Every structure is written in C-alpha cells, then in structure tokens.
Amino acid sequence: MAESENSSGALSALSTESRSFPPSEEFAAQANATAEWYDRADADREAFWSEQAERLSWAKKWDTVLDWQPPFAKWFVGGELNVAYNCVDRHVEAGNGDRVAIHWEGEPGDSRTITYADLQRAVSKAANALAELGVGKGDRVAIQLPMIPEAVISMLACARVGALHSVVFGGFSPGALKARIEDAEAKLLITSDGQYRRGKPAPMKENTDQAVEGTSIEHVLVVRRTETEVPWTEGRDLWWHDVVDAASDQHTPQAFDSEHPLFILYTSGTTGKPKGILHTSGGYLTQAAYTHDVTFDHKPGESVYWCTADIGWVTGHTYIVYGPLANGATEVVYEGTPNTPHEGRHWEIVQKYGVSIYYTAPTLIRTFMKWGDDIPAQYDLSSLKVLGTVGEPINPEAWMWFREKIGGGRCPIVDTWWQTETGATMIAPLPGVTATKPGSAMRPVPGISAIVVDDSGTQVGNGEGGYLVIDKPWPSMLRGIWGDTERYKETYWSRFAEQGYYFAGDGAKYDDDGAIWLLGRVDDVMNVSGHRISTTEVESALVSHPTVAEAAVVGAADETTGQGIVAFVILRGGTAADDDAKGDEAIKALRDHVSKEIGPIAKPRQIMVVEELPKTRSGKIMRRLLRDVAENREVGDVSTLADTSVMDMITSGMSESKEE
Ligand code: ATP
Ligand code: MG
C-alpha cells in the first residue's frame, strides 16, 4: 500500500499505477503537437494563445490578447469574427465544399451525408428563417432536439445571426425545459415532432408544448422527424420544412465582437439547481479548435472523427459542433442508443465509416465491458487511431479494456478533463508526446495552468492529493452564470479568493511522477477514521476485480469511524451472484481485494450487488442518492436521474442485504 497524506489532510492518495504507454515512433513523428509546445506556451502564454487564435478567420484582428479583471476575463479584445462563418463558409471558400462535414446515422438505419457546401446552404437558410422570425443579435433561442442534423444547423444558425442558443437535452422533462426557457427568457424554441428512443418513436412536441405555456416563447419551430401527429397552435407553431426550406440559401454573416455571447448551457445537475453557464465567441472557439486539433491529432480531410456525446451536453457543443467544424472535420453524428438494434451498433458504425478518432464516456466503456468482449471482436476496428474519454474519472481497468479491445493495443488514449464551465479540454495528454498511464489525465494541455492544492491553497507535492484549481485565466472560460454574477463569484472564486484560483469542485492528486489523477467530486470525498478517501480510488480498486463491471462507493455515517464505505457494484456479464452462500464469499473476496489493492483503511464496510446504478442523463453516477440509501434516509430529488425506477430497485435490495 502506498499511502501518503498531506499536512492539511485534504485528500489521501492511495492507489499506485505503474503501467505507462508511450506513443509509437510512427505516431509521434506525424503528430500535430510536439513536446516543445509546453515550453513555448509557458514562456509566453499570451503569445501562445495569440498563435492559436490565428487558426480562426477574424474580420477584425484583436488589439489586446487578454484583459483580466479577476474573476472577469476578456479574450482577444477588439477582435471581431463570425463563429458560423469559421465553422462552415471558410472551408467552402478554401475549396473544400465537397468534403463531407457530417456522416449522419439515424437510429432506424436511415442516413444522410452533408458536405460543407450543403452545410453552408442549410445554415444560411436557417439563419434567414431566424431573421424572418425576428431573432437577432443577443436574443435567446431554446433548442430541444434529438441528434439530427437540424440540431447542429440550428446552433450554427443562431451563432450566425448573433443569437444565443440554450440547448436542452432531449430527455429532459417539460418542467426542466420550462425552467431553462424562463431563466434565459428565450423567444424561440426549436424542437421536433418526436424522437426515436430504442427503436420506437417517442413524443417530443407534446412535452415541449407544456414547457412553452405561459413563457416568453413567441414561436415554436418544429422539425419533422418521426412523422407522428402533433398538437398544433396556429400562429405560434411553424414547421421547419415550411419556414426554413422556403428561405434563401444565401446569407452574409456579420462579424461580432470577440466577447459577444455565443451560448448558455445549463450544467447537468449532479450537484443541485442547474446553473446557466455563459460562453462567448473568440476565446471559446480558439480553445475548442486548438484542443480538438492537438488532443485528437486531427487531420482535416483524412481523419474520420466521432464524438458520441449528445449535443445537450457541453461535450456535444465543443466537440461535435464548434471544435471539429472549425477545423474542417469529417465527423459521424449518430442519433440513437448504443444497443439499438444490437449491442454492436457503435462498432458497426466505426467499420462503416472508417472512424479514426473515437471520443466517448467511461460509463459507456464500462457498459461495453459488461456486454462482453466478443461483441467488438466481430467488427473491423482497424481504422481507429486515437481514442478519447470524458465525463468521469476512467478506472484503470476500463482504460486497459478500451486500449486492448477497441484500440487493438495501438491507439493512444486521451483522458480529457474539463467541465461545462471550462468550455474546452484543460487537462489531457498529447497523443504523440505523452506516455499515458491508465486512469490519469496526465497534465494540463499547453497554454493551460492547473494545480492541486491543499486547504490553504498551497500546491501539494508529488504523491499527495487535494483540490484541483485553475490558477490562470484561459480563453474558453465561462464568462459568468446567466443573470447571477454573485453566484458566479461565490461558486467558483470564493473558495480560494485570496489566491484568485478557480475552484473546480473536483479532488485530484499528483502521483510520484507528478502526473495528475482526478479523484471525483470534493463533495463525495469520504472521511474514514480521519482519512479523506476519494470515491474514485475505491471504485477503481473494485473495478479491477475480474467479476466487477461498475462500482459506486459512498461514505455513510458510522459510529466508530465517522464514515464507513458502502459500495454498490454491478457484476460483469457471466458472473452469477444469486446463490446466497456464493454471494457472501464473493463479497468477502471483493472487500479483501480492495484492502490488498489500496489498503485496509479503504476496505468497504458493506458491499451490495445491484443491477443498475443511479445516473444522470449524461451518464454520471449520482452518489448523493446512494448516500441516502446507505444512511437509510428517504431518497432525495431524483428529477435529474435518467431512470428513476433504479432507485426503487436499489432501496428494496438494500433492506434485504446483510451488514458485516
Ligand atoms: P453539475 O455541475 O450540475 O453537477 P456536471 O459537473 O456533471 O454537472 P459537466 O460540466 O458536464 O457537468 O461535468 C464536469 C465534471 O465531470 C467535472 O467537474 C468532473 O467531475 C467530471 N469529469 C469530466 N471529465 C473528467 C475526466 N476526464 N476525469 C475525471 N472527471 C471528469
Ligand atoms: Mg459541475
């Protein structure tokens, strides 16, 4: 056991990982970024970001790179650009109009191929339609759509006319949509008649109609997707195919200020009332394009890129819409769920389009592991070159599985840490430079500075854990919380006010080589006999046992130790735990395994085998609800859960389970 604690006891660092995978020589030789970038960026940060901003086409160049009045930043001050022009038109003007921008794959098996020239016409039509509906600079547009091309087109059309979009995930309830429409005072909603969900059309407009009632919404623009009958309010509701299709496909984009707001996005709600995170134009697009280029080693015209996120999350904004399209990427957009109509759907798509960059979430990787190795083995995945993950800490075992079973042992994996608030990737390896360790996001990308500090804001040493902070402003940083400056200051800037650090809310540690490991949310940290233990390390220890597919741990009140660790585990396909005697043995084996991997202090007091874990709609485990179960409390607010029945299942199982 390698345990070390820093003086302030911020967070223990328990696990050690010695495996390390350098890029191959061939990969390194052709990589977009080299090791020298770190030094160049450190030597003159503003000059470095200025160089990155040159990736974009500016109608007017900036006068000043950064104006920093903590905690308020302005980037590329005085510069002017049109974000949609950068993502679409300039590629057509450069002679790449015939390049495929989007290979769209519908859930029922229909598909569409959209070139940059097609995209330019589509976005221009939509922009003209918005203008006709009176939507212009500074107006807010709510978008609730499935993963169809019109979602991307709508976002770009808003950007083109200077309106802010507020995209709301398609699975959110009318109440959640209404709260977001009201908070942003949106005047237009773009939605669809229905959406495909696991092979069947499900209603959409019926729900959005409830959300729109009594709000500032003047018009609802409806895309036809499932051909289901929908309720209709004359005068308010308009079909996309009437209004947009009839509009001209010629539209001249106007340049906006670098700090002109681009969008509002409400965080997914793991931790409470959603916050409307505000992003602006020049700095955001610069960091989106730069990180997409260097962390994925993207080659325009060659790479086939696929980010599996939904556009309802920030990952969909930055790495489906703005980053890749600014870079002239050819990308796959998939409408459906990964097991419709079968569990090999993703690999079938990789094979069909020759996907070379595949970016997904750890929760999905663990699900693929659960479904079994034989599924990806049936497909040709040899086109893959780079793999990426985002959303949660990735357990080393899941990382290894991803590397071997999907990447054929040859693809660098980039574990990218970032948040809705940071706008783009902050901590990640460079695939052609960094020797990666399974489960570590490694180090900040060139140009970014982030450190791990103790309670007093002092940087901790190698082998020590604490709080992740960002100690220098960055181009794609949030510019505020919509309509609530106080909450912005309080949430992110008050914890380390003296030092002026941005507090990310995540725990992290340095390993003995100084690589950064994310340890989950600070709010989830467990306190066992005075040791501050991260959920991530115990969960990864559990997942490293061959029988475990997924694990979630929480600290529950304990008379002797302050808190005791309670673990909820999902077993891998093929592992049986029905037999009681065998079940007890299996649980003892798991407890011993954790003790052996990271030390007796982290041994779970209790382990429960479950079928499912409570997750947000973006696939993150909601430990707060499991804490309620572990402490026998009534389960709290479940409205942001993807599947609310999961909690009933777990609660009833819990009352039957035995404690040690
Ligand atoms: P809310 O703030 O409403 O609770 P959220 O934090 O889940 O929602 P996001 O901004 O989508 O919304 O998620 C960012 C968080 O996801 C990070 O703060 C971190 O906890 C986690 N995260 C993202 N990427 C990684 C990663 N590569 N490794 C570890 N954790 C990650
Ligand atoms: Mg968050």
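Counting starts at 1 for both ligands and their atoms, following the listed order. Please read all numbers here as calculations on a predicted model, not as lab measurements.
In this model, a donor atom of one side chain and an acceptor atom of the other lie less than 3.5 Å apart for S15 and E537. When only modelled atom types and interatomic distance are considered, H292 and N327 share a side-chain donor-acceptor pair under 3.5 Å.
In terms of N/O distances under 3.5 Å, ligand 1 is approached by G391. Between D506 and ligand 1, at least one N/O pair is under 3.5 Å apart. Geometrically, ligand 1 and T389 share no nitrogen or oxygen pair separated by less than 3.5 Å.
Atom CD of Q459 has more than 12 neighbouring heavy atoms from other residues, nucleotides or ligands inside a 6.0 Å radius.
Here L518 has side-chain heavy atoms under 4.0 Å from ligand 1, and that is the only part of it that gets that close. Contact annotation for E392 and ligand 1: only backbone heavy atoms (N, CA, C, O) come within less than 4.0 Å of the ligand. Residue T416 touches ligand 1 through its backbone alone, judged by heavy-atom distances below 4.0 Å. Of the heavy atoms in W418, only backbone atoms (N, CA, C, O) come closer than 4.0 Å to ligand 1.
Below 4.0 Å from some heavy atom of T420 lie the following atoms of ligand 1, by number and element: 9 (P), 10 (O), 11 (O), 12 (O).
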| task | Would you sort out whether H317 and F263 count as a side chain to side chain contact (heavy atoms under 4.5 Å, CB included), showing the intermediate values? | result | CA-CA 9 Å; H317 284 57; F263 65 83; 3.8 Å; yes
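Under a 4.0 Å N-O distance rule, the pair D513/K437 qualifies as a salt bridge. Look at E490 and R487 and you find no salt bridge, because none of the NZ, NE, NH1 or NH2 atoms lies under 4.0 Å from a carboxylate O.
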